[in-house]
There are 2 protein chains.
Amino acid sequence: MRTKLSTADERRPLVIDAAIAAFALTGYRGTTVADVAAEAGISSAYVFKLFPSKEQLFVGALDACFDRVVGALGRGAEATTDHTPDGVLDAMGGAYAELISDRSLLMLQVHAQSAVEVPEISAALRRGYARVTEFASTRSGATDAAVQRFIAFGQLCHLVVTLGLEEATEPWAKTLAAGIRHPAFAAPTA
Amino acid sequence: MRTKLSTADERRPLVIDAAIAAFALTGYRGTTVADVAAEAGISSAYVFKLFPSKEQLFVGALDACFDRVVGALGRGAEATTDHTPDGVLDAMGGAYAELISDRSLLMLQVHAQSAVEVPEISAALRRGYARVTEFASTRSGATDAAVQRFIAFGQLCHLVVTLGLEEATEPWAKTLAAGIRHPAFAAPTA
DNA sequence: GGAAAGAGTGAGTGTACAGTCACTCATATG
DNA sequence: CATATGAGTGACTGTACACTCACTCTTTCC
């Protein structure tokens with residue numbers, strides 16, 4: 001049979017996945033709803049039946065992105081044997097590096113930061129960073145300074161990946177990328 | 001007299017200024033050439049006489065942005081009395097905080113990072129960060145690790161300003177914004 | 001004065017895109 | 001079978017935007 005119907009509630013998360021992938025490539029303004037629809041394998045008209053607007057679709061993708069980030073941090077923290085605050089933060093960093101190996105989740109955050117003039121997106125981004133910061137803080141028990149440093153190097157990681165500096169050979173690029181955990185070197189999760 | 005002609009070479013840098021302001025608000029895709037033209041007080045047709053394309057206009061604005069950043073770092077380094085590597089880096093940080101007090105230069109960098117799928121913009125951004133990193137490194141004489149940290153906290157600063165966390169009261173926001181030099185507290189340049 | 005060069009614009013053109021609508025088809029249930 | 005519900009779409013609309021072009025007005029220089 002040509003058609004395989006599923007329910008809207010089943011379809012929505014799949015469209016969110018497609019939205020993460022599509023928006024990660026070209027950002028909020030640079031990506032069309034038709035792009036997302038194509039990635040999801042449905043018509044764009046149906047995307048608008050599942051989500052009220054492009055804006056809400058992006059917000060849904062961003063929320064899902066932070067769900068995964070927090071989940072990864074939690075799993076990283078779970079897996080480490082070094083239970084000192086710094087040890088836990090370090091394990092979270094490793095888990096994050098592994099999570100973002102396909103770049104989509106990372107680029108989505110970068111693109112969201114560039115769409116903060118849309119109030120709903122700004123709010124979602126704040127929500128997301130609030131969750132990440134609070135989780136890193138309470139789960140690790142690290143000092144505020146250590147948590148701040150953790151996030152700062154996370155942001156540096158975004159820059160490094162965005163500019164593709166992991167494979168660059170220029171000295172300045174190596175300075176910035178030093179020790180940034182490349183997916184290939186990421187510690188196994190289990 | 002109604003009209004006050006100036007030469008194209010005089011006009012171009014003014015349009016660059018306008019482009020920095022306009023693109024800073026809504027990013028590369030979210031800003032129209034008409035927005036830039038309005039900011040510059042000329043017609044959009046003339047913007048296209050002065051710059052070959054919107055893309056080149058954005059690249060011009062981005063290059064000018066990094067000119068100013070490097071200039072500010074240099075002036076900051078010049079002004080400090082603490083000539084240790086860390087002292088110089090710190091002075092540069094203060095100068096940067098002051099420079100970005102109007103947010104335009106900061107937001108332009110954020111938006112550029114979200115437009116890296118445009119090759120020319122990606123190249124300009126790499127050029128810019130190369131200049132900043134190399135300058136910070138050679139001018140301060142600091143270790144690679146210290147320079148990396150300098151840039152990492154610069155990126156954190158971008159996040160803090162983008163999300164407006166300087167004035168936020170939530171604990172997580174204070175954790176991220178702690179010690180980020182707010183323009184109001186920036187050290188005087190001279 | 002007059003001609004050349006350049007500053008600057010109004011009015012377009014072609015295209016792309018968010019969102020809508022009327023519709024078709026599949027499935028479920030009595 | 002009949003009818004209702006909901007999945008899913010093709011074709012459309014209105015608008016916005018990058019870029020062009022033919023044109024006018026100003027300045028300069030002989």
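These numbers come from a predicted model, not from an experiment.
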**OP:** Starting at the 5' end of nucleotides 11-21 of chain C, put B wherever the base has a protein heavy atom under 4.0 Å, S where only the sugar-phosphate does, and a dash everywhere else.
**Re:** ------SSBBB
Subject >> Length of the line joining B:Leu50:CG and C:dG8:P, which is rounded to integer Å >> reply: 8 Å
Subject >> d(CG, A:Asp9; C1', D:dA7) in whole Å >> reply: 12 Å
Original post:
Would a 4.5 Å heavy-atom cut-off, applied to side chains only, mark A:Arg11 and A:Tyr46 as touching?
Top reply: yes
**OP:** Run through B:Arg126, B:Arg127, B:Arg131 and flag the one making a salt bridge (charged side-chain N to carboxylate O under 4.0 Å, His left out) with B:Asp63.
**Re:** B:Arg127
Original post:
In terms of side-chain geometry, is the basic nitrogen of B:Arg68 or B:Glu98 positioned less than 4.0 Å from the acidic oxygen of its partner?
Top reply: no
Original post:
Roughly how many Å is it from OH in A:Tyr46 to C1' in C:dT24, rounded to a whole number?
Top reply: 14 Å
Original post:
Distance only, no hydrogens: is a donor on one side chain within 3.5 Å (strictly under) of an acceptor on the other, for B:Asp82 and B:Thr80?
Top reply: no
Original post:
Cut-off 3.5 Å, side chains only: do A:Thr175 and B:Thr133 have a donor facing an acceptor?
Top reply: no
